[in-house]
Trainee: 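Below is one structure. I have some questions about it.
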Amino acid sequence: MIRNKYAFRGVNCALLTAIAVTGCSLLVPQNLKAQTGAIKTLKSDSLNKVNQLKEVQINRVKVTRRQTSSTPLQILSGAELQRLNSLSVADAVRFFSGVQLKDYGGIGGLKTINVRSMGTNHTAVFYDGVQLGNAQNGQVDLGKFSLDNIEEIELYNGQKSTVFQSAKGFASGSSLYLNAKQPVFEKGQHDHLTATFKTGSFGLINPSVRWQRKVSDKVYGSFSTEYKKANGKYKFHDTNGAYDTTLVRKNGDIETMRIEGGLYGKLPDSSEWSAKVYFYNDEQGLPGAIVNNVYDFTQRLWNRNFFVQGNYKKEAGRYNLMASAKYANDYSRYLDPTIVKDDGLTNNIYKQQEFYLTLSNRYKINSLWDVVLSTDYQRNTLDANLYRFPYPTRQTVLIAVATEIRLNRLNIQANLLGTLVNDEVEQYYSAGNKSEFTPTVMTSWQPFSSKEFRLRAFYKHIFRMPTFNDLYYTFIGSTFLKPEYTQQYDLGFTYIKVFENNWLSQISVQSDAYYNTVKDKIVAVPGANLFRWSMQNLGRVEIKGLDVNAQSVWKITDKLRANAGLTYTYQQALNVTNVNLNYMHQIPYTPLHSGSVIGGLDWKNLSLNYSYIYTGERYDQSANIPANYVQPWYTHDIAFQYNKQLTSKNIRFSAEVNNLFNQSYAVITNFPIPGRSYRFTLSYSY
């Protein structure tokens with residue numbers, strides 16, 4: 001809510017006219033304007049007495065992107081992120097509705113996002129506007145991305161609600177945007193420094209430093225680095241149906257280093273540019289699944305990720321230009337001492353390279369109508385030391401034509417995406433060429449004169465290409481795979497209301513009903529024996545769901561403030577592939593009901609934050625039978641924070657308790673999640 005106060009004292013006609021020109025004449029009734037005309041005949045000394053207007057207060061709703069977006073949008077930013085008991089991006093996205101986070105346990109376990117049950121590969125992850133790619137398996141591990149340098153997380157169902165974006169932005173079923181903290185300097189400031197140290201359970205040691213520098217009036221710089229180390233040991237319960245045993249999870253250690261730097265600037269023609277360098281390196285153990293009384297594991301994984309990217313934006317009258325370029329080089333090594341081959345231990349090494357270039361053009365035909373043409377080129381290569389590996393190269397060209405019409409209360413966006421893919425291999429057989437054209441239509445409508453309530457709807461037809469693993473993994477991949485197609489239908493509303501002189505200051509609600517289909521779903525099917533599987537297009541899934549997201553702000557006293565948020569998801573994701581096999585059964589790991597509650601209290605320098613996450617009953621296999629039943633789970637987290645402002649310095653201390661009631665559960669069967677754990681954070685900002 002924004003509150004403006006206008007006090008008119010000794011106002012003459014010229015001032016009233018100026019206010020009217022800026023739209024504020026709505027505050028002045030017609031009879032008052034007539035009186036003002038009469039006042040002009042009075043003497044100057046009486047004018048000041050007669051034309052004394054009482055103070056006028058204007059209260060209006062602050063309509064944000066959440067309310068105006070044509071596609072469902074959920075945001076966590078700034079103080080909201082700081083409040084959550086979250087160490088990584090993966091921990092934060094758990095609080096979004098319609099999301100299943102696949103968590104394989106531990107501080108270094110793989111964590112991937114699945115939105116509205118369409119599959120992990122249908123969610124694109126963008127870092128500062130450029131997609132994070134993984135042509136090998138199509139998955140991005142969100143556990144690798146710390147929140148220390150993240151300012152905002154946005155989740156769009158469908159796609160970002162703007163036509164002026166890269167063609168990549170149109171090319172996925174949903175999009176997760178990670179926006180890094182960018183330098184903002186007030187007058188007289190030249191440096192910002194933040195040093196943070198975290199410690200707690202699992203032997204966690206996690207220092208980080210962020211330095212922002214004002215190089216000149218037109219150029220800013222940013223540098224961020226972080227080190228994390230943990231032994232990953234935690235107690236968990238195991239049962240054979242008759243006896244419960246308490247054990248210690250082993251081989252869950254992790255050691256990581258992240259370094260990133262950025263430059264941001266403006267040119268004399270007001271165009272903007274930015275450049276970023278990112279490096280991440282880790283070594284970790286893979287604790288494995290707890291089955292057949294096996295508790296000790298020796299598998300190891302090494303990852304190294306590097307990318308450099310640049311962005312340029314220019315506005316010239318009605319024409320806008322946006323360009324980005326990126327080069328990425330990723331390395332991973334998997335060591336399994338338990339599997340010995342003719343040439344020694346299993347020691348698989350994968351090397352990926354990606355080159356990406358995008359150019360977006362927008363032309364404003366008039367104040368109501370925009371048209372956009374975006375083109376992307378991407379080249380991916382994968383090298384591996386596997387037997388009979390084909391060494392694939394994929395070239396992708398994306399061309400998107402989009403338009404947006406903005407009427408008084410109606411916004412309409414539409415785009416057509418063309419995708420051209422060419423796969424080549426050094427040996428054996430390639431998947432060849434593929435081309436597809438897919439449309440999207442989105443609309444947002446304000447049915448009443450008040451901006452408090454809006455309706456929205458979208459239709460999107462999109463697909464995802466088979467990954468390199470799907471196509472070329474030795475003995476498993478199939479070059480005959482077709483893309484996995486999805487169709488999405490969504491209808492929803494947003495509502496925001498401000499209350500005066502009430503404990504409840506503001507409430508906002510957004511809700512969406514949706515229907516999705518996934519066709520030619522890519523699944524792994526066993527062959528002649530359990531050691532020889534193949535990838536095939538077999539699946540078809542129908543998904544019906546409802547997402548509800550409510551936020552509220554409370555002003556209990558002048559010094560005591562509160563906030564509360566609630567999310568709820570109903571999701572029926574049914575297998576409709578074969579009427580003779582698990583037909584109309586809920587797909588694995590999709591709960592019918594799930595949700596979260598977040599609450600906070602702020603008093604002077606202290607704050608208390610509470611969060612609750614619930615995931616309903618599920619099945620871990622395609623057959624919905626008692627043997628595959630997975631019980632519901634829920635967790636309570638709590639955090640205390642103390643902030644102290646000392647002139648230009650700020651000190652923040654927080655203490656967190658996660659899984660407060662020490663519940664034993666597993667998100668993925670046989671991969672136990674830690675029980676009660678603690679984390680302490682000390683941060684100093686200058």
Trainee: With respect to Asn206, which candidate in Lys228, Lys198, Glu226 satisfies the side-chain hydrogen bond (donor to acceptor under 3.5 Å, both in side chains) definition?
Mentor: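 Filter result, single survivor: Glu226.
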Trainee: Parallel, tilted or perpendicular: which describes the rings of Phe653 and Phe680, with under 30° parallel and over 60° perpendicular?
Mentor: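 Ring orientation of Phe653 relative to Phe680: parallel.
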Trainee: Which heavy-atom pair separates Lys214 from Phe185 by the least distance, and what is that distance?
Mentor: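 Taking Lys214 first and Phe185 second, the nearest heavy atoms are N-CZ, 3.5 Å.
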Trainee: Which atom pair, heavy atoms only, marks the closest approach of Phe306 to Asp330?
Mentor: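 Shortest heavy-atom contact: N-OD1, 3.8 Å.
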Trainee: Less than 4.0 Å between a side-chain N and a carboxylate O, is that true for Asp490 and Lys460?
Mentor: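 No.
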Trainee: Once rounded to the nearest 0.5 Å, what's the spacing between atom CD of Gln551 and atom CD of Gln506?
Mentor: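 It comes to 10.0 Å.
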Trainee: Can you name the closest pair of heavy atoms from Arg116 and Ile543 and give their distance?
Mentor: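 What the structure gives for the nearest pair is O-CD1, 3.4 Å.
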Trainee: Tell me yes or no: between the side chains of Ser594 and Thr615, is some donor less than 3.5 Å from an acceptor?
Mentor: no
Trainee: So do the side chains of Asn516 and Ser117 get within less than 4.5 Å of each other, counting heavy atoms only?
Mentor: no
Trainee: Using the rule given for side-chain hydrogen bond (donor to acceptor under 3.5 Å, both in side chains), can you reason through Ser174 versus Asn157, listing the C-alpha separation, both sets of side-chain angles and the distance that settles it, and then say yes or no?
Mentor: CA-CA 5 Å; Ser174 57; Asn157 295 110; 5.4 Å; no
Trainee: Looking at Asn251 and Leu286, would you say the former's side chain and the latter's main chain have a donor-acceptor pair under 3.5 Å?
Mentor: yes
Trainee: Is a side-chain N or O of Asn411 found less than 3.5 angstrom from the main chain of Ser70, in a donor-acceptor match?
Mentor: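 Side chain of Asn411 to backbone of Ser70, a donor-acceptor pair under 3.5 Å: no, none is there.
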Trainee: Between the side chains of Ser201 and Arg676, does any donor sit under 3.5 Å from an acceptor?
Mentor: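 No - no donor-acceptor pair under 3.5 Å links their side chains.
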Trainee: Begin from the C-alpha positions of Ser685 and Arg210 and carry the test side-chain hydrogen bond (donor to acceptor under 3.5 Å, both in side chains) through to its verdict.
Mentor: CA-CA 9 Å; Ser685 299; Arg210 184 176 67 256; 5.7 Å; no
Trainee: Ignoring hydrogens and geometry, is there a side-chain-to-backbone donor-acceptor pair from Gln641 to Gln82 under 3.5 Å?
Mentor: yes
Trainee: Does the gap between the ring centers of His192 and Tyr686 come in under 6.0 Å?
Mentor: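 No, the ring centres sit 6.0 Å or more apart.
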Trainee: Below 30° counts as parallel, above 60° as perpendicular, anything between as tilted: where do the rings of Phe671 and Tyr104 land?
Mentor: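 Plane angle over 60°, so perpendicular.
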Trainee: Looking at CD of Gln488 and OH of Tyr514, how far apart are the two atoms once the value is rounded to the nearest 0.5 Å?
Mentor: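 It comes to 10.5 Å.
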Trainee: Given Asn549, which of Gln510, Arg66, Gln74 fulfils the side-chain hydrogen bond (donor to acceptor under 3.5 Å, both in side chains) condition?
Mentor: Gln74
Trainee: Testing the 3.5 Å rule here: is there a donor-acceptor pair between the side chains of Thr567 and Ser596?
Mentor: yes
Trainee: Report the C-alpha separation of Asp91 and Lys111 in whole Å, then their side-chain angles, then the decisive distance to 0.1 Å, and conclude whether the salt bridge (Lys or Arg N to Asp or Glu O under 4.0 Å) test is met.
Mentor: CA-CA 9 Å; Asp91 299 327; Lys111 298 174 177 63; 5.7 Å; no
Trainee: Working to the nearest 0.5 Å, report the span between NZ of Lys160 and CG of Leu73.
Mentor: 9.5 Å
Trainee: Would you tell me whether Ser97 and Thr569 have side-chain atoms, one donor and one acceptor, within less than 3.5 Å of each other?
Mentor: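 Side chains of Ser97 and Thr569: no pair found under 3.5 Å.
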Trainee: So, for Asp282 and Lys144, which heavy atoms are closest and what is the spacing to 0.1 Å?
Mentor: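 Taking Asp282 first and Lys144 second, the nearest heavy atoms are OD2-CE, 4.1 Å.
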Trainee: Would you compute the distance between atom CG of Asn658 and atom OG1 of Thr635 and round it to the nearest 0.5 angstrom?
Mentor: 8.0 Å
Trainee: State whether the side chain of Tyr570 and the backbone N or O of Val548 hold a donor-acceptor pair below 3.5 Å, judged by distance alone.
Mentor: no
Trainee: Hey, are Glu152 and Arg65 close enough for a salt bridge, meaning a charged N less than 4.0 Å from a carboxylate O?
Mentor: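 A salt bridge is present here (some side-chain N lies under 4.0 Å from a carboxylate O).
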Trainee: Taking the six-membered ring of Phe307, is the NZ or CZ of Lys326 close enough (under 6.0 Å from the centre) and on axis enough (within 45°)?
Mentor: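 Output yes; distance and angle both within limits.
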Trainee: Counting heavy atoms not belonging to Trp211, are there more than 12 under 6.0 Å from its CH2?
Mentor: no
Trainee: Would you give the length of the straight line joining atom CG of Leu504 to atom CH2 of Trp554, rounded to the nearest 0.5 angstrom?
Mentor: 4.5 Å
Trainee: Look up atom CZ in Arg454 and atom OG in Ser69, then write down how far apart they are to the nearest 0.5 Å.
Mentor: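 It is 10.0 Å, given to the nearest 0.5 Å.
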Trainee: Between the side chains of Thr196 and Ser683, does any donor sit under 3.5 Å from an acceptor?
Mentor: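 Distance-only check passes for Thr196 and Ser683.
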Trainee: Examine distances only and state if a side-chain atom of Glu260 and a backbone atom of Asn149 form a donor-acceptor pair shorter than 3.5 Å.
Mentor: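 Flag not set: sc Glu260 to bb Asn149 has no pair under 3.5 Å.
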Trainee: Which heavy atom of Pro674 sits nearest to which heavy atom of Asn659, and what is that distance?
Mentor: O-ND2, 3.2 Å
Trainee: Is there a donor-acceptor contact under 3.5 Å linking the side chains of Tyr495 and Ser511?
Mentor: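 Judged by distance alone, the side chains do not pair up.
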Trainee: I'd like to know if the side chain of Gln586 and the backbone of Ala573 have a donor-acceptor N/O pair within less than 3.5 Å.
Mentor: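 Checking the backbone N and O of Ala573 against the side chain of Gln586, a donor-acceptor pair under 3.5 Å is found.
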Trainee: Is the shortest side-chain heavy-atom distance between Met442 and Gln159 below 4.5 Å?
Mentor: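 Yes, side chains in contact.
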Trainee: Identify the two heavy atoms, one from Leu101 and one from Val667, that lie closest to each other, and give their separation to 0.1 Å.
Mentor: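 So the minimum-distance heavy-atom pair works out to O-CG1, 3.4 Å.
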Trainee: Mind checking whether Ile673 and Phe236 have side chains closer than 4.5 Å, heavy atoms only?
Mentor: no
